[in-house]
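The next block holds one structure in the form of structure tokens; read it before the comments.
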Number of protein chains: 2
Amino acid sequence: MKPGVTLLTIGELSARSGVAPSALRFYEERGLIHSVRTGGNQRRYERSELRRVSFIRIAQQVGVSLERIREALAELPERRTPTKADWTRLSARWRADLDARIALLERLRDTLDGCIGCGCLSLQSCALYNPGDQLAAQGPGPRKLLA
Amino acid sequence: MKPGVTLLTIGELSARSGVAPSALRFYEERGLIHSVRTGGNQRRYERSELRRVSFIRIAQQVGVSLERIREALAELPERRTPTKADWTRLSARWRADLDARIALLERLRDTLDGCIGCGCLSLQSCALYNPGDQLAAQGPGPRKLLA
DNA sequence: CCTTGAGTTCAAGTGCACTTTAACTTGCAC
DNA sequence: GTGCAAGTTAAAGTGCACTTGAACTCAAGG
């Protein structure tokens, strides 16, 4: 066994990432991660896939859809460990989005208290709910939350 | 017509809140909002319901589930405009949660850049992904994201 | 060898948050 | 009083992110 070429089984990747095997297969189906196959058709994962999986989970935690994550990961080299430049590109792309989400959360936190005194959370005047009618204009549904 | 008792139709509430009528009926079915009925069985909403709807949408934007929102709203007086104390209670309840979500987002934003240099996003060492193994221990699935 | 736990595929099922459809009724404007 | 947009219900459908089940194969220890 050549050192450094230790591939992970799906069970091992699952254990190390905390993601169910079924979810890992699902991610692969959707093109978010990749595997090589053994002679007996079993999946084997390179260690770099662990990094991808962790990235997927982190992004999900903050509400990014799998499709958006797939797009982002598609810009990383398909099977090789990403370089500094790869991560920098991805980071820059998402920064505005993350900043916006942070701002929204902070507004909610700060305004929940603030509104208590100001009679807020009435649509006409609430700066939180109605920052330029932008939110309402985007239509209903959780589908569009990060659009 | 007594002044101050202007009830809203579902269409009006929809227009003012930016939430589809079907969603409003759905919220009512789930006990998040309430209506009174006309002789002909049509819904009429008090103005205070507008405040509830806006609250629902804001909370959804930051990833709170309808069930959690329902619980929160259940602590507000069912049909009456909430008092300062009502909002304060609700705000205090959610504060820790919101703070945690903000912290996670900020960590992702700051660490995405940081990890570029530190070889991070490998599960062993990444403080973002693995703050005390807490996230992984919570199991997979977007269902539990805010549990 | 043989057992057994881990892995495989494909199809169907689940939970959430709604939307759509169909068939029907109300209520305001003229 | 009549027309028609806006309202009503119940049931089925949709999109996302998975999970579960059935039926089967692989791989490593005793």
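Computed from a predicted structure; not experimentally measured. Lettering follows sequence order; numbering is per chain, from 1.
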Exercise. Ignoring backbone atoms, establish whether A:Arg70 has a side-chain N or O less than 4.0 Å from OP1 or OP2 of D:dC16.
Key: no
Self-check item: Comparing A:Gly40 and A:Ile56 on DNA chain D - which has the more 5′ nearest nucleotide
Solution: A:Ile56
Exercise. Let me know, please, whether A:Arg30 or A:Gly39 comes out on the 5' side of the other along DNA chain D by nearest nucleotide.
Key: A:Arg30
Quiz item: In whole Å, what is the span from the CG atom of B:Asn41 to the C1' atom of C:dA23?
Solution: 15 Å
Exercise. Using atom types as modelled and distance alone, determine if a side-chain donor or acceptor of B:Gln60 lies under 3.5 Å from a backbone N or O of B:Leu66.
Key: no
Quiz item: Does OP1 or OP2 of D:dC18 have a side-chain N or O of A:Tyr27 closer than 4.0 Å?
Solution: yes
Quiz prompt | Residue A:Ala23, side-chain heavy atoms: nucleotide from C:dT19, D:dC18, D:dG7 that is nearest | solution = D:dC18
Quiz prompt | Nearest-Å distance for atom pair CZ/P, residues B:Arg68 and C:dC16 | solution = 14 Å
Quiz item: How long is the gap from CG on A:Leu8 to CG on A:Leu50, to the nearest 0.5 Å?
Solution: 6.5 Å
Self-check item: Value in whole Å for how far the C1' atom of D:dT19 lies from CG of A:Leu66
Solution: 14 Å
Quiz prompt | Point-to-point distance, once rounded to the nearest 0.5 Å, from CD1 of B:Ile56 to CG of B:Leu32 | solution = 4.5 Å
Quiz item: With respect to the phosphate group of D:dG7, does any side-chain polar atom (N or O) of B:Arg43 fall under 4.0 Å of OP1 or OP2?
Solution: no
Quiz item: Considering only side-chain heavy atoms of B:Gln42, which listed nucleotide, D:dC26, C:dT19, C:dG27, is closest?
Solution: C:dG27
Practice problem: For A:Ser35 and A:Arg44, indicate whether the former's side chain and the latter's backbone hold a donor-acceptor pair under 3.5 Å. | Solution: no
Self-check item: Separation of D:dC18 P from A:Leu32 CG (nearest whole Å)
Solution: 10 Å
Quiz prompt | Atom-to-atom span, CD1 of B:Ile69 to C1' of C:dC18 - whole angstrom | solution = 13 Å
Practice problem: May I ask you to verify if any side-chain N or O of B:Arg25 is less than 4.0 angstrom from the OP1 or OP2 atom of C:dA17? | Solution: no
Quiz prompt | Over all atoms of both residues, closest heavy-atom pair of A:Glu12 and A:Thr9 | solution = OE1-N, 2.9 Å
Exercise. Return the value, rounded to whole Å, for the distance between atom CG of B:Leu13 and atom P of D:dT8.
Key: 11 Å
Quiz item: Would you call B:Glu28-B:Arg25 a salt bridge at under 4.0 Å N-O?
Solution: no
Self-check item: Interatomic distance where CZ belongs to B:Phe26 and P belongs to D:dT9 [whole Å]
Solution: 15 Å
Quiz item: With a 4.0 Å cut-off on heavy atoms, is A:Arg37 in touch with a base, just the backbone sugar-phosphate, or nothing at all?
Solution: sugar-phosphate
Quiz item: Below 4.0 angstrom from OP1 or OP2 of C:dG7, is there any side-chain N or O of A:Thr9?
Solution: yes
Quiz prompt | side-chain N/O A:Gln60 vs D:dC16 OP1/OP2, d < 4.0 Å | solution = no
Quiz item: In whole angstroms, how far is the C1' atom of C:dG7 from the CZ atom of A:Arg44?
Solution: 8 Å
Quiz item: Is B:Thr38 near enough to C:dG27 that one of its side-chain N or O atoms lies under 4.0 angstrom from OP1 or OP2?
Solution: yes
Quiz prompt | Per B:Ser22 side chain, nearest of listed nucleotides C:dT20, C:dA17, C:dT8 | solution = C:dT20
